[in-house]
K.L.:
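I'd like to ask some things about the structure below.
Not measured: the values here are computed from a predicted model. Here is the naming used below: chain letters follow the sequence lines, and residue numbers restart at 1 for every chain.
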There are 2 protein chains.
Amino acid sequence: MQVSSRFTIAIHIFSCIKTFEGEYKITSDFLSSSIQVNPVIIRKLLGQLKEAGLIEVKRGSGGASLAKEPGEITLLDVFNAVESLDGGKLFHFHENPNPDCPVGRSIHPVLDGRLEQIQRAMEKEMQSITLEDIFNDTNKYLEQTSHS
Amino acid sequence: MQVSSRFTIAIHIFSCIKTFEGEYKITSDFLSSSIQVNPVIIRKLLGQLKEAGLIEVKRGSGGASLAKEPGEITLLDVFNAVESLDGGKLFHFHENPNPDCPVGRSIHPVLDGRLEQIQRAMEKEMQSITLEDIFNDTNKYLEQTSHS
DNA sequence: GTTATTGTAACAAGAGGGGTTACAATAACA
DNA sequence: TGTTATTGTAACCCCTCTTGTTACAATAAC
């Protein structure tokens, strides 16, 4: 069980858009060469991000751009756009606990709240980080490493 | 991407041990009838929990029991026992970002800390819940629903 | 020695991740 | 209008993981 690389690739995409907008046309091929992942994979991801209203993609002429301010897009938005959790739930529950057993009968009502509690903790942390934070960190890092 | 049902099944196992210890012998068949999952799956899970030092399993004569106090086993212990994260990392990073691109070069150093931050938030929440909490909730639930 | 049980091996089906080729639809431009 | 670059998708592929299943040797108790 691991979050798929779609998540980090999506953030990489946003960083590229921000860094190279105006300078280059952000096509799936351009992104592919920075991320080093197949352009079709990139296009599918662009589709998911577009559907979530986070970016705009121009068909035919080509090119992706942000649909919102970087400070208004959180890592949770990105996560939810590219990582489809079945029923929105992070934890897969075993389907048929035996209702004739006291434990089987109570396991769902007892655990459901706890699992939500854990999921919310993760989501809250993701929500506290915006793409602006990532962009700032990137700039800082590039400054530090360039003039050394 | 979903946490596998091994996690909730493992917690179900602990609840059964606690509820029926002394009264019944907790075999994989017994657990199977409460959880309604194949006994071999249960045995593999019991193996993982045993290896993590959370339970003891008697070979031949049969039966599982707790190896620690319920208050000393957290949901994080259970999670780590049954859910092997590759390299201990919750997030799978795309392998080969292009080092010749400023974004490709910086994405790892910039993101790694953030991803850890999110993972730690989830782990911290898991660590705050012990099996004792679950057992208490179960008892409360069964009391409430029985005399109504 | 018989019995119940665990620990494992071996296999299978299904889902999902990641990759690839191919091509129709679209938009810009010569 | 024809050409070109690009997106959006379909149709595959292979691999891993999850879950389920049968079978059986090893073990422990009686």
Side-chain angles (χ1 to χ4, degrees), chain A residues 1-10 12-13 16-17 24-33 35-52 55-65 79 81-87 89-97, chain B residues 1-10 12-13 16-17 24-33 35-52 55-65 67 79 82-87 89-97:
Chain A
M1 194 285 297
Q2 250 189 335
V3 176
S4 90
S5 61
R6 263 175 280 135
F7 183 54
T8 55
I9 294 176
H12 192 144
I13 288 174
C16 281
I17 293 178
Y24 296 94
K25 185 164 66 169
I26 316 297
T27 68
S28 61
D29 262 50
F30 177 84
L31 289 166
S32 171
S33 74
I35 300 169
Q36 307 226 82
V37 152
N38 192 284
V40 177
I41 308 276
I42 307 282
R43 276 179 238 151
K44 283 179 186 164
L45 263 168
L46 289 173
Q48 291 187 285
L49 297 174
K50 189 174 81 172
E51 201 174 2
I55 64 172
E56 278 155 11
V57 182
K58 278 192 195 124
R59 176 153 211 187
S61 55
S65 55
F79 182 83
V82 302
E83 200 75 35
S84 71
L85 295 179
D86 184 55
K89 291 190 186 303
L90 180 59
F91 296 91
H92 182 201
F93 217 111
H94 51 295
E95 320 275 351
N96 301 309
Chain B
M1 196 283 298
Q2 249 190 334
V3 176
S4 90
S5 62
R6 264 176 280 136
F7 182 56
T8 57
I9 293 175
H12 192 144
I13 288 175
C16 281
I17 294 178
Y24 295 95
K25 184 165 65 168
I26 317 296
T27 68
S28 61
D29 262 50
F30 178 84
L31 290 166
S32 170
S33 75
I35 300 169
Q36 307 225 83
V37 151
N38 192 283
V40 177
I41 307 276
I42 307 281
R43 275 180 239 151
K44 284 179 186 164
L45 263 168
L46 289 174
Q48 292 187 284
L49 297 174
K50 191 175 79 171
E51 201 174 2
I55 65 172
E56 277 156 10
V57 182
K58 278 192 194 125
R59 176 154 211 187
S61 56
S65 56
F79 182 83
V82 303
E83 200 75 34
S84 72
L85 294 179
D86 184 55
K89 292 190 185 304
L90 180 59
F91 295 92
H92 181 202
F93 217 111
H94 52 295
E95 319 276 350
N96 300 310

K.L.:
Do you know which two heavy atoms are closest between Asp29(B) and Pro39(B), and how far apart they sit?
P.N.:
OD1-CB, 3.8 Å
K.L.:
Ile9(A) CD1 to dG19(C) C1': how many Å, rounded?
P.N.:
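Between C1' of dG19(C) and CD1 of Ile9(A): 11 Å.
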K.L.:
State whether the distance check finds a donor on one side and an acceptor on the other, under 3.5 Å, for side chain Arg43(B) versus base dG7(C).
P.N.:
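A donor-acceptor contact between them is present.
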K.L.:
Does OP1 or OP2 of dT6(C) have a side-chain N or O of Ser28(B) closer than 4.0 Å?
P.N.:
yes
K.L.:
Write down the partner of dA28(D) under the Watson-Crick or G-U wobble criteria, each distance required to be under 3.5 Å.
P.N.:
dT3(C)
K.L.:
What integer distance in Å separates Phe30(B):CZ from dA4(C):C1'?
P.N.:
16 Å
K.L.:
Who is the Watson-Crick or G-U wobble partner of dA22(C), with both distances under 3.5 Å?
P.N.:
dT9(D)
K.L.:
His94(B) side chain N/O closer than 4.0 Å to the phosphate oxygens (OP1, OP2) of dG18(C)?
P.N.:
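Answer is no, no contact under 4.0 Å.
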K.L.:
Which one, dT6(C), dT6(D), dG20(D), comes nearest to the side chain of Lys25(A)?
P.N.:
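Closest nucleotide to the Lys25(A) side chain: dT6(D).
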K.L.:
Look at the side chain of Glu83(A) and decide which nucleotide, out of dA26(D), dG17(C), dG19(C), has an atom nearest to it.
P.N.:
dG17(C)
K.L.:
Examine dG18(C): is either OP1 or OP2 under 4.0 Å from a nitrogen or oxygen in the side chain of Ser4(A)? Give yes or no.
P.N.:
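Yes, because at least one side-chain N or O of Ser4(A) sits under 4.0 Å from OP1 or OP2 of dG18(C).
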K.L.:
Here's a test of your reading of the structure: between Lys50(B) and Ile41(A), which maps to the more 5' nucleotide of DNA chain C?
P.N.:
Lys50(B)
K.L.:
I want to verify a distance call: between dG19(C), dG17(C), dT7(D), whose nearest atom is closest to the Lys44(A) side chain?
P.N.:
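So the side chain of Lys44(A) is nearest to dG19(C).
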K.L.:
Is a side-chain N or O of Glu56(A) found less than 3.5 angstrom from the main chain of Ser65(A), in a donor-acceptor match?
P.N.:
no
K.L.:
Classify the nucleic acid contact of Gly60(A) as base, sugar-phosphate or nothing, counting any heavy atom under 4.0 Å across all strands shown.
P.N.:
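Touches a base.
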K.L.:
If you check the Val40(A) side chain, which of dG19(C), dT22(D), dT9(D) turns out closest?
P.N.:
dT9(D)
K.L.:
Rounding to an integer number of Å, can you tell me how far Asp86(B) CG sits from dT18(D) P?
P.N.:
12 Å
K.L.:
Take atom CD of Gln2(B) and atom P of dG17(C), then tell me their distance rounded to the nearest Å.
P.N.:
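About 11 Å, once rounded to whole Å.
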K.L.:
Rounded to whole Å, how long is the line connecting atom CG of Asn38(A) with atom P of dA11(D)?
P.N.:
18 Å
K.L.:
Checking side-chain hydrogen bond (donor to acceptor under 3.5 Å, both in side chains) between His92(A) and each of Lys89(A), His94(A), Glu95(A), which is the one that passes?
P.N.:
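Result for side-chain hydrogen bond (donor to acceptor under 3.5 Å, both in side chains) with His92(A): Glu95(A).
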K.L.:
Would you check if Phe79(A) and Met1(B) make a side-chain contact, meaning some heavy-atom pair closer than 4.5 Å?
P.N.:
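A side-chain contact exists here, since the closest heavy-atom pair is under 4.5 Å.
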K.L.:
Which listed nucleotide (dT18(D), dG18(C), dG8(D)) is nearest to the side chain of Val57(A)?
P.N.:
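So the side chain of Val57(A) is nearest to dG8(D).
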K.L.:
Go through the steps for Leu46(B) and Leu31(B) under the test side-chain contact (heavy atoms from CB on, under 4.5 Å), then give the verdict.
P.N.:
CA-CA 10 Å; Leu46(B) 289 174; Leu31(B) 290 166; 4.1 Å; yes
K.L.:
Let's go through Leu45(B) and Gln48(B) carefully: what are the C-alpha distance in whole Å and the side-chain angles of both, what is the deciding distance for side-chain contact (heavy atoms from CB on, under 4.5 Å) to 0.1 Å, and is it a yes or a no?
P.N.:
CA-CA 5 Å; Leu45(B) 263 168; Gln48(B) 292 187 284; 3.8 Å; yes
K.L.:
Please determine, for the side chain of Arg6(B), which listed nucleotide (dT21(D), dA28(D), dT19(D)) has the closest atom?
P.N.:
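For Arg6(B), the side-chain atoms sit closest to dT19(D).
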K.L.:
Quick one: Ile35(A) CD1 to dG18(C) P, roughly how many Å, whole number?
P.N.:
13 Å
K.L.:
Check this one for me: any side-chain N or O of Ser61(A) less than 4.0 Å away from OP1 or OP2 of dA5(D)?
P.N.:
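For dA5(D), OP1/OP2 do not have a side-chain N/O of Ser61(A) under 4.0 Å.
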K.L.:
Measure CD1/Ile42(A) against P/dT9(D) and give the value in whole Å, please.
P.N.:
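Atom CD1 in Ile42(A) sits about 17 Å away from atom P in dT9(D).
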K.L.:
Please tell me which of Val37(B) and Lys58(B) maps to the more 5' nucleotide of DNA chain D, matching each residue to the nucleotide holding its nearest heavy atom.
P.N.:
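Between the two, 5'-proximity favours Val37(B).
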K.L.:
Give the rounded distance in Å between these two atoms: CD of Gln48(A) and P of dT7(D).
P.N.:
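In whole Å, dT7(D) P lies 16 Å from Gln48(A) CD.
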